[in-house]
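Every chain is numbered from 1, with letters handed out A, B, ... down the list of sequences.
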Number of protein chains: 2
Amino acid sequence: MNIIITNSSGLPIFEQIENSIKQAIFSNELKEGDMLPSVRSLANELKISFLTVKRAYDELEKSGFIKTIQGKGSYVAPKNLDLIKEEKLKEIQSYIEKIYEISKLSNIPKEEVNELFKMIFEEEL
Amino acid sequence: MNIIITNSSGLPIFEQIENSIKQAIFSNELKEGDMLPSVRSLANELKISFLTVKRAYDELEKSGFIKTIQGKGSYVAPKNLDLIKEEKLKEIQSYIEKIYEISKLSNIPKEEVNELFKMIFEEEL
DNA sequence: TCATCTGTTATATTTAGATTATAACACTTT
DNA sequence: AAAGTGTTATAATCTAAATATAACAGATGA
């Protein structure tokens, strides 16, 4: 699993960890039942406090992505990813609708919006 | 002018004020040359420090929406269409960035997002 | 000129969230 | 028992946002 922490992202560390792990789950790199690195080992690896890793894991557990058992470790929880993706798609759709409204109201041509879209989505090299 | 501050928005107060005033300018509720409430009166009204209001006004001046004159007050700057378009583009950009984050996180391919985009923008026929 | 608006500046403090360090504790496995 | 897991409590640091306070400066009208 590839967890990268940057100070330039603006996001707090615990949230960056959260996102990395969610991403790994969505991409199926982490599957149902897989064990996550222990809070201490991941903390050592990233050279941060184990409390920060714990916080990330706590959030992930709250939102149902993982299950933690004292003395054993943290495991990827069963989840209906298709259902979640469906929700995420709806969320994306509502944002696009907002964009559509703004562009219509302010006379911003579709092409210009498309340029922005390409720019932001291409930077993912 | 309706400036509402909430602690639940996550946005700092000075930014909420900024946004409210931008919105009032966009909706023409505040017109070119209109005087804004004085930093102290708005601070009293909102029960916050005048320094926080000043910060909001400073930001608005930096981005060209208002003009402040010592001893007189702050006034809505002459309407600048480029500025408005620039602002709307920024808004659109921030939505696209949100979309990018969601799609990256939940492993939704760019193409799928693009399909949605096309669908919503084509229906304008 | 004076009072009273307006904005400006400087200093110190408070607050909240994120993060850390440390130590002690509890459960699981071998 | 040892060594791995997670848990909890406490105190400290750091940063951005926000505050309190006081003093200063320009504009305006009585």
Dump the pairs, protein N or O against N or O of nucleotides 16-20 of chain C, anything under 3.5 Å, distances to one decimal.
from	atom 1	to	atom 2	distance (Å)
C/dA18	OP2	A/Arg55	NH1	3.1
C/dA18	OP2	A/Arg55	NH2	2.8
C/dT19	OP1	A/Ile13	N	2.2
C/dT19	OP2	A/Phe14	N	3.4
C/dT20	OP2	A/Ser49	N	3.1
C/dT20	OP2	A/Thr52	OG1	2.4

Exercise for the section: Return yes when atom NZ of B/Lys88 has more than 12 non-hydrogen atoms of other residues, nucleotides or ligands closer than 6.0 Å, and no otherwise. Expected result: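 Check passes, neighbour count above 12.
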message = A quick test of your reading: do over 12 heavy atoms of other residues, nucleotides or ligands sit less than 6.0 Å from NZ of B/Lys31?
response =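 Yes.
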Checklist entry - What's the CG-P distance between B/Asp58 and C/dA10, to the nearest Å? => result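 My rounded result for the distance is 13 Å.
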| task | Let me know the distance between CG of A/Asn44 and P of D/dG6, rounded to the nearest Å. | result |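 Result: 12 Å.
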B/Lys22 and salt bridge (charged side-chain N to carboxylate O under 4.0 Å, His left out): which partner among B/Glu91, B/Glu87, B/Glu86, B/Glu15?
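Between B/Lys22 and the candidates, salt bridge (charged side-chain N to carboxylate O under 4.0 Å, His left out) is satisfied uniquely by B/Glu87.
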Distance-only donor-acceptor test, A/Arg40 side-chain atoms vs D/dG4 base atoms, 3.5 Å: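 By the distance-only test, no, there is no pair.
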Q | Residues in contact with DNA chain C, drawn from residues 59-75 of chain A - heavy-atom cutoff 4.0 Å | A |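 A/Gln70, A/Gly71, A/Lys72, in order of number.
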Notebook entry, point to check: Quick one: is the NZ or CZ of A/Lys79 closer than 6.0 Å to the six-membered ring centre of A/Phe65, and within 45° of its axis?
Noted result: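 Yes, A/Lys79 sits over the ring of A/Phe65.
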Side-chain contact, heavy-atom cut-off 4.5 Å: B/Tyr57 with B/Pro37?
->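 The answer is yes; the side chains approach within 4.5 Å.
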_A/Leu46 side chain reached by A/Ile17 side chain, heavy atoms, under 4.5 Å_ =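 Touching, per the 4.5 Å side-chain cut-off.
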Distance below 4.0 Å between B/Lys54 side-chain N/O and C/dT8 OP1 or OP2: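 It does, given that an N or O in the side chain of B/Lys54 lies less than 4.0 Å from OP1 or OP2 of C/dT8.
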Next on the checklist: Do the side chains of B/Lys85 and A/Glu112 get close enough for a salt bridge, i.e. N-O under 4.0 angstrom?
Outcome noted: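 A/Glu112 and B/Lys85: salt-bridged.
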Looking at A/Lys62 and A/Asp58, does any basic side-chain N land under 4.0 Å from a carboxylate oxygen?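 Answer for the salt bridge query: no.
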